[in-house]
Q: 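My questions all concern the structure below.
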Amino acid sequence: MLLELLLTLGVAALLYHFIFRKKNETLEMGDGWWGPGLRPDNEDEEIHPFKIETTDEELKDLFDRIEHTRYTEPLEGSRFNYGFNSTHLRKVVDYWRNTFSWRKQLDILNQFPHFKTKIEGLDIHFVHVKPPHLPEGRTPIPIIMVHGWPGSFYEFYKIIPLLTDPGSHGLDTEYIFEVICPSIPGYSFSEASHKQGCESVAVARIFYKLMRRLGFREFYAQGGDWGSLICTNLAQIAPNQVKGLHINMAAAFPTKLPQILSVVLGQRFPGLFGLQDEDVRRLFPFFKKVVSHVMKESGYMHLQATKPDTAGCGLNNSPVGLAAYILEKFSTWTDPDFRDHEDGGLERKFSLDDLLTNVMIYWLSGSIVSSMRFYKEVIGKGVGTAKHDKVPVTVPTGIASFPNELVHCPPFWAKQKYLSIVSFNYMPRGGHFAAFEEPELLAKDVQQFVGKVQRK
């Protein structure tokens, strides 16, 4: 009787698996036009060299605005718990006004080749770096690397040499990359959409067209923050062209019963859900490590997902206000404990030159409002409601999990979204801005992931 019952259950399971189960959905690539007016019959597809330049008038305007800044005194002992402490802000601004050399940083920014090309009505800016020392007979591996907010293409400037010229930096030379770093539409030097609705799938499609225009039939994709979502969408709409997806921020939150149970029971029975000791350390107690932390750090998200133009108005008018708004993220998102430091711990992981260069990119391009609008386009209609949220990723995936990421996503959660995880590594240190903060750690993780996919 027991044998008959087991056989019946087995047959029923097979029938369900092959007949009744839902087939994996696919994400359609679609098409779009984000330029002004109506779409023309023909679009210029030329790729033009681009150089970042600044006039003396722009710098004079910047300094005049800095000189007329009004500060508010911080509360006693507040450090960075109320946001960017204005006492330290004065020190940063003094460095910005009297020591920081934008002309020097321009030379650094222009050390890599920049280009622009028109896609779906928008001038898309990108950095394209080829290996300087490619051994004879070798072909570089193309990889697109996508930034997030409030970062920019500049986040990748320290990791680019490690990937394109690994031998000169003591890294493995088995895999040498050709790196493409585009700016998201509305960020830095990529033109902002003139129409509503330019969300992550539209940007993924634009970047897919960019890679095809550059002549790549297959390529890898890497990203964090919005770059993680855009590259995930890229893998969803073009799974035959994306050879592998590598992300350093996995946003696959518990929506199914087993994952939800892992939140409730995972601390007590971690083995039941495949949770490692590091997962338990990062997730529990859940209310403190996740819920409370997200509540503290997500106010900006609600603001930008609802009324970005209102919030951005002041930021686009005040360079000091812009710096405070952006740099506070580079403090807390690098290490939440930096909230208790008088200086926000900013220079523990970054130089002021690098931080202010990123701020200058936003200021001189006037892109803070359009960058904030991306939140409204992506999550303004609700979290988890878009079609791409329900479509699994089937391409080989690598996840570099940094300990100070905003929210930890254990493998058990990630597997519900990313069906072919070939590499999941708990990184020893680092936070949200991985390429900016820990370029060597991230480069090595990308290398080992690509190696696994290539050998597979």
Side-chain angles (χ1 to χ4, degrees), residues 112 127 129 131 141 143-148 151-181 220-228 231-232 244-251 276-279 281-282 329-338 345-351 353-355 358 396-411 414 418 421-454:
F112 296 135
V127 176
V129 185
I141 298 171
I143 184 169
I144 181 171
M145 306 186 78
V146 185
H147 65 88
S152 65
F153 64 90
Y154 185 59
E155 289 181 66
F156 299 111
Y157 264 50
K158 288 181 172 61
I159 196 173
I160 287 173
L162 305 183
L163 296 175
T164 59
D165 190 16
S168 297
H169 299 86
L171 272 65
D172 187 2
T173 59
E174 185 176 1
Y175 301 105
I176 300 175
F177 296 86
E178 182 171 344
V179 179
I180 298 89
C181 298
Y220 286 85
Q222 199 286 325
D225 194 85
W226 282 135
S228 170
C231 288
T232 293
L245 168 68
H246 186 280
I247 54 178
N248 52 276
M249 181 180 179
Q276 304 299 312
D277 290 344
E278 185 63 11
D279 295 318
R281 187 188 72 80
R282 296 185 189 183
K329 305 307 179 192
F330 281 88
S331 166
T332 309
W333 293 0
T334 298
D335 189 332
D337 290 341
F338 286 172
L346 278 172
E347 292 181 75
R348 294 194 173 205
K349 291 297 184 75
F350 311 107
S351 71
D353 282 347
D354 283 339
L355 292 170
N358 185 62
T397 302
I399 299 174
S401 180
F402 286 84
N404 288 328
E405 185 52 89
L406 291 172
V407 178
H408 176 59
C409 177
Y418 302 94
I421 297 177
V422 300
S423 170
F424 187 107
N425 290 318
Y426 301 91
M427 310 307 284
R429 61 186 180 275
H432 185 68
F433 304 98
F436 207 37
E437 179 190 351
E438 296 289 349
E440 186 171 331
L441 280 180
L442 186 62
K444 288 180 177 179
D445 202 73
V446 169
Q447 284 183 324
Q448 64 83 29
F449 163 68
V450 170
K452 289 181 178 180
V453 176
Q454 295 287 98

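Residue numbers start at 1 and run along the sequence shown.
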Q: Please lay out, stage by stage, how Trp226 and Val146 fare under the test side chain to side chain contact (heavy atoms under 4.5 Å, CB included).
A: CA-CA 8 Å; Trp226 282 135; Val146 185; over 6 Å; no
Q: With a 4.5 Å heavy-atom cut-off, do Phe112 and Pro161 have their side chains touching?
A: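 Phe112 vs Pro161: side chains touch.
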Q: What's the shortest heavy-atom distance between Tyr154 and Asn358, and which atoms?
A: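 Nearest pair, atom of Tyr154 first, then Asn358: CD2-N, 4.5 Å.
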Q: For a quick test of reading the model, state the closest non-hydrogen atom pair linking Gln222 to Ile143 and the distance between them.
A: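 So the two residues come closest at CB-CD1, 4.0 Å.
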Q: Treating Glu155 as the side-chain partner and Phe433 as the backbone partner, does any N or O pair qualify as donor plus acceptor under 3.5 Å?
A: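 Not confirmed, Glu155 side chain does not pair with Phe433 backbone.
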Q: The criterion is side chain to side chain contact (heavy atoms under 4.5 Å, CB included); which residues satisfy it with Pro166, sequence neighbours excluded?
A: Leu171, Thr173, Ile176, Gln447
Q: If we only count heavy atoms from C-beta on, is the Leu442 to Phe402 side-chain gap below 4.5 Å?
A: yes
Q: In this structure, which one of Asp225, Thr332, Thr334 forms a side-chain hydrogen bond (donor to acceptor under 3.5 Å, both in side chains) with His432?
A: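 The side-chain hydrogen bond (donor to acceptor under 3.5 Å, both in side chains) with His432 is passed solely by Asp225 among Asp225, Thr332, Thr334.
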Q: Report the C-alpha separation of Asp279 and Tyr426 in whole Å, then their side-chain angles, then the decisive distance to 0.1 Å, and conclude whether the side chain to side chain contact (heavy atoms under 4.5 Å, CB included) test is met.
A: CA-CA 9 Å; Asp279 295 318; Tyr426 301 91; 2.8 Å; yes
Q: Would you compute the distance between atom NE2 of His169 and atom CD1 of Ile159 and round it to the nearest 0.5 angstrom?
A: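 One finds 11.5 Å between NE2 of His169 and CD1 of Ile159.
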Q: Between Trp333, Phe338, Phe436, which is the residue that forms a ring pair (Phe, Tyr, Trp, His ring centres under 6.0 Å) with Phe350?
A: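 Result for ring pair (Phe, Tyr, Trp, His ring centres under 6.0 Å) with Phe350: Phe436.
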Q: Any pair with a residue in residues 159-173 that passes salt bridge (Lys or Arg N to Asp or Glu O under 4.0 Å), sequence neighbours left out, goes on the list, sorted by first then second residue, please.
A: none
Q: When rounded to the nearest 0.5 angstrom, what is the spacing between CG in Asp445 and CD in Glu438?
A: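 If I round to the nearest 0.5 Å, the distance is 12.5 Å.
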Q: Any idea which heavy atoms bring Ser331 and Leu346 closest together, and the distance?
A: N-CD2, 3.8 Å
Q: Using 0.5 Å steps for rounding, measure from the CG atom of Asp337 to the CZ atom of Arg348.
A: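 The CZ atom of Arg348 is 10.0 Å from CG of Asp337, to the nearest 0.5 Å.
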Q: Would you name the heavy atoms of Phe424 and Cys409 that are closest together and state the gap between them?
A: CZ-O, 3.4 Å
Q: State the CG-CZ distance between Asp335 and Arg429, to the nearest 0.5 angstrom.
A: 13.5 Å
Q: Ignoring hydrogens and angles, tell me if any N or O in the side chain of Ser228 forms a donor-acceptor pair with the backbone of Met249 under 3.5 Å.
A: yes
Q: For side chain to side chain contact (heavy atoms under 4.5 Å, CB included), just list the numbers for Val446 and Tyr220, CA-CA rounded to whole Å, side-chain angles, deciding distance to a tenth of an Å, and then say yes or no.
A: CA-CA 10 Å; Val446 169; Tyr220 286 85; over 6 Å; no
Q: Enter the distance from Ile160:CD1 to Ile180:CD1 here, rounded to the nearest 0.5 Å.
A: 10.0 Å
Q: Could you go through the side chain to side chain contact (heavy atoms under 4.5 Å, CB included) check for Asp354 and Tyr157 one step at a time?
A: CA-CA 10 Å; Asp354 283 339; Tyr157 264 50; over 6 Å; no
Q: For Arg282 and Ser401, work out which heavy atoms get closest and say how close.
A: NH1-OG, 2.7 Å
Q: Give, for atom CG of Leu441 and atom CG of Asn425, the distance between the pair rounded to the nearest 0.5 Å.
A: 10.5 Å
Q: Is any side-chain heavy atom of Tyr418 less than 4.5 Å from a side-chain heavy atom of Thr232?
A: yes
Q: Identify the two heavy atoms, one from Glu437 and one from Gly431, that lie closest to each other, and give their separation to 0.1 Å.
A: OE1-N, 2.9 Å
